[in-house]
2 protein chains.
Amino acid sequence: MNPQDNRAGHLHQIPLPSLPPNGHGACPVRDVLDRLGDKWSTLILVTLAHGPQRFNALARSVPDISRRMLTETLRQLERDGLVWREVAPSTPPAVAYGLTALGTSLMPPLAALIDWAERHQPAIAAARDRFDTGRVAPEEESRPA
Amino acid sequence: MNPQDNRAGHLHQIPLPSLPPNGHGACPVRDVLDRLGDKWSTLILVTLAHGPQRFNALARSVPDISRRMLTETLRQLERDGLVWREVAPSTPPAVAYGLTALGTSLMPPLAALIDWAERHQPAIAAARDRFDTGRVAPEEESRPA
DNA sequence: ACCCATGGTTACATTGAGGGAACCATCGTG
DNA sequence: CACGATGGTTCCCTCAATGTAACCATGGGT
């Protein structure tokens with residue numbers, strides 16, 4: 001069975017995702033998925049899954065993130081109740097962040113998705129190569145005369 | 001246990017997601033998550049999970065998507081090997097799309113995530129309300145005197 | 001006196017995703 | 001003859017996401 005000639009039809013055995021009755025309008029799922037889709041949320045959540053961290057420590061754990069995006073993303077996650085924020089009234093104030101129970105409950109499905117991505121990344125890379133180099137099979141790409 | 005006062009520390013019992021040794025540079029997971037994060041990919045995948053569809057049928061199943069984005073998103077998904085494309089040489093040519101085995105293998109983890117989103121959407125909405133209106137607890141949930 | 005670290009905020013520039021409309025070729029229908 | 005449906009492609013424009021850099025207040029080190 002060639003991976004590229006691999007049509008699957010409808011298999012109704014596996015968990016078939018279906019969007020809420022809503023269908024498309026103001027879909028709450030869309031809402032959540034959008035956040036995970038942004039550039040830093042997932043990375044921050046995964047980092048915090050290893051334990052709470054303070055702002056600058058987080059900035060160092062997630063390299064290439066700017067202070068601005070770190071603040072903003074953390075605010076969104078806090079607003080959504082996935083992350084807590086705690087300010088210690090010292091000087092200078094020490095601010096810690098961590099996962100809430102809600103945030104923690106997201107880890108299993110998220111980890112499953114990440115796991116899928118890692119596991120199938122070679123297949124995806126191969127598919128891209130096939131698609132990019134020339135859509136036909138690797139060896140004799142010319143059709144018979 | 002107050003939902004907002006709900007720090008979870010590190011619980012090492014659940015599947016702890018961790019990014020590849022790479023860490024951040026050219027993370028393959030990032031790569032996959034980015035695609036799922038775009039506006040239409042997930043919606044199209046979920047739609048195709050119910051069975052193959054032709055281009056215009058798909059356009060009708062996923063309302064508010066423009067032909068342009070539909071074409072583009074399908075191309076990406078095809079390139080990544082998640083979706084196949086078949087052209088019937090009729091006039092006018094009939095083009096069908098469907099999930100490949102790879103695409104189908106994504107459904108369980110994706111469904112799990114969607115399920116999480118649906119299940120916890122009320123909690124998220126509540127958290128947002130709390131955060132937006134005034135951060136402190138509504139009433140009796142505030143700390144005792 | 002100066003620099004660094006704390007945890008941000010603000011202003012400004014860029015970039016890329018996405019929307020909208022027009023165009024293309026063929027065929028069947030009214 | 002004109003129109004709609006087939007499955008796209010191409011150009012243009014806009015807006016939200018993101019990056020960059022500077023600034024703020026405090027206190028400790030050297």
Side-chain angles (χ1 to χ4, degrees), chain A residues 7 24-27 30-45 47-48 52-80 83-98 131 135, chain B residues 7 24-27 30-45 47-48 52-80 83-98 131 135:
Chain A
R7 55 215 59 183
H24 61 286
C27 174
R30 181 60 146 303
D31 195 61
V32 174
L33 274 290
D34 275 355
R35 182 151 326 292
L36 295 188
D38 73 23
K39 196 169 181 184
W40 301 109
S41 291
T42 303
L43 219 38
I44 289 179
L45 286 173
T47 301
L48 287 181
Q53 300 230 17
R54 288 179 48 187
F55 185 85
N56 282 332
L58 217 44
R60 277 177 243 110
S61 299
V62 184
D64 294 343
I65 193 176
S66 62
R67 314 160 117 9
R68 199 178 83 79
M69 287 316 295
L70 183 53
T71 304
E72 187 173 310
T73 306
L74 283 169
R75 285 276 185 281
Q76 293 296 332
L77 293 173
E78 187 195 356
R79 179 171 115 99
D80 285 355
V83 157
W84 51 258
R85 179 184 127 106
E86 187 187 49
V87 183
S90 52
T91 51
V95 183
Y97 295 88
F131 188 92
R135 52 265 299 96
Chain B
R7 56 212 60 181
H24 60 288
C27 173
R30 181 59 143 307
D31 195 60
V32 174
L33 273 291
D34 275 355
R35 184 152 325 293
L36 295 189
D38 73 24
K39 195 169 181 183
W40 301 111
S41 290
T42 302
L43 220 39
I44 290 179
L45 286 172
T47 301
L48 288 180
Q53 300 229 18
R54 290 179 45 188
F55 185 86
N56 281 333
L58 217 43
R60 278 177 241 109
S61 299
V62 184
D64 295 343
I65 193 176
S66 64
R67 312 166 120 5
R68 198 179 85 77
M69 287 317 294
L70 183 53
T71 305
E72 186 173 310
T73 306
L74 283 170
R75 284 276 184 284
Q76 292 296 332
L77 294 173
E78 188 196 356
R79 180 170 115 97
D80 285 355
V83 156
W84 52 259
R85 177 187 130 106
E86 187 187 49
V87 183
S90 54
T91 51
V95 183
Y97 295 88
F131 188 91
R135 51 264 299 97

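Naming: A, B, ... by sequence-line order, numbering from 1 per chain.
Heavy atoms of B:Thr91 sit under 4.0 angstrom from primed sugar atoms or phosphate atoms, though from no base atom. When heavy atoms are screened at a 4.0 angstrom cut-off, B:Arg35 is found touching no nucleic acid atom at all.
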| message | Checking B:Thr73 against B:Leu77 for the side-chain contact (heavy atoms from CB on, under 4.5 Å) test, could you report, in this order, the C-alpha distance in whole Å, the side-chain angles of both residues, the deciding distance, and whether it holds? | response | CA-CA 6 Å; B:Thr73 306; B:Leu77 294 173; 4.1 Å; yes
| task | Before giving the answer on side-chain contact (heavy atoms from CB on, under 4.5 Å), spell out for B:Leu70 and B:Ile44 the whole-Å C-alpha distance, their side-chain angles and the decisive distance to 0.1 Å. | result | CA-CA 8 Å; B:Leu70 183 53; B:Ile44 290 179; 3.6 Å; yes
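Comparing atom distances between the B:Arg85 side chain and each of D:dG7, C:dG19, C:dT6 picks out D:dG7 as nearest. Candidate nucleotides D:dT18, C:dG8, D:dT6 were compared by shortest atom distance to the side chain of B:Arg60, and D:dT6 ranks first. Picking from C:dG18, D:dG19, D:dG8 the nucleotide with the shortest atom distance to the side chain of B:Val95 gives D:dG8.
Spacing between atom CG of A:Leu58 and atom P of C:dG7 amounts to 10 Å, rounded to whole angstrom units. Summarising the geometry, the separation between CG on A:Leu74 and P on C:dT9 is reported as 11 Å, rounded to the nearest angstrom. Look at CZ on B:Arg54: it is 13 Å from C1' on D:dG8, rounded to the nearest Å. Nucleotide D:dG8 holds its P atom 9 Å from the CD atom of B:Glu78, rounded to whole Å. Atom CG of B:Leu70 is separated from atom P of C:dA17 by 17 Å (rounded to the nearest Å). Atom P of nucleotide C:dG16 and atom CG of A:Asp38 are separated by 17 Å, given to the nearest angstrom. Atoms CG (B:Asn56) and P (D:dT6) sit 4 Å apart, rounded to a whole Å. We find that CD1 of A:Ile65 is positioned 10 Å from P of D:dT18, with the value rounded to whole Å.
For B:Ser41 (side chain) and B:Leu36 (main-chain N/O), no donor-acceptor pair under 3.5 Å exists by modelled atom type.
A:Glu86 has its side chain out of reach of A:Tyr97: every pair of non-hydrogen atoms, C-beta onward, lies at least 4.5 Å apart. A:Gln76 has its side chain within reach of A:Arg35: a pair of non-hydrogen atoms, C-beta onward, lies under 4.5 Å apart.
Considering all non-hydrogen atoms of both residues, A:Ala59 and A:Ile65 come closest at O-CG2, 4.2 Å.
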Under 3.5 Å between N/O atoms: give me all the protein pairs with nucleotides 9-11 of chain D, atom names plus distance.
from: D:dT9; atom 1: OP1; to: B:Arg75; atom 2: NH2; distance (Å): 3.3

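Positionally, the nearest nucleotide of DNA chain D for A:Met69 lies more toward the 5' end than for the other of A:Met69 and A:Pro92.
For the pair A:Arg30 and B:Trp40, the cation sits on the ring face: its NZ or CZ lies under 6.0 Å from the ring centre, inside 45° of the axis.
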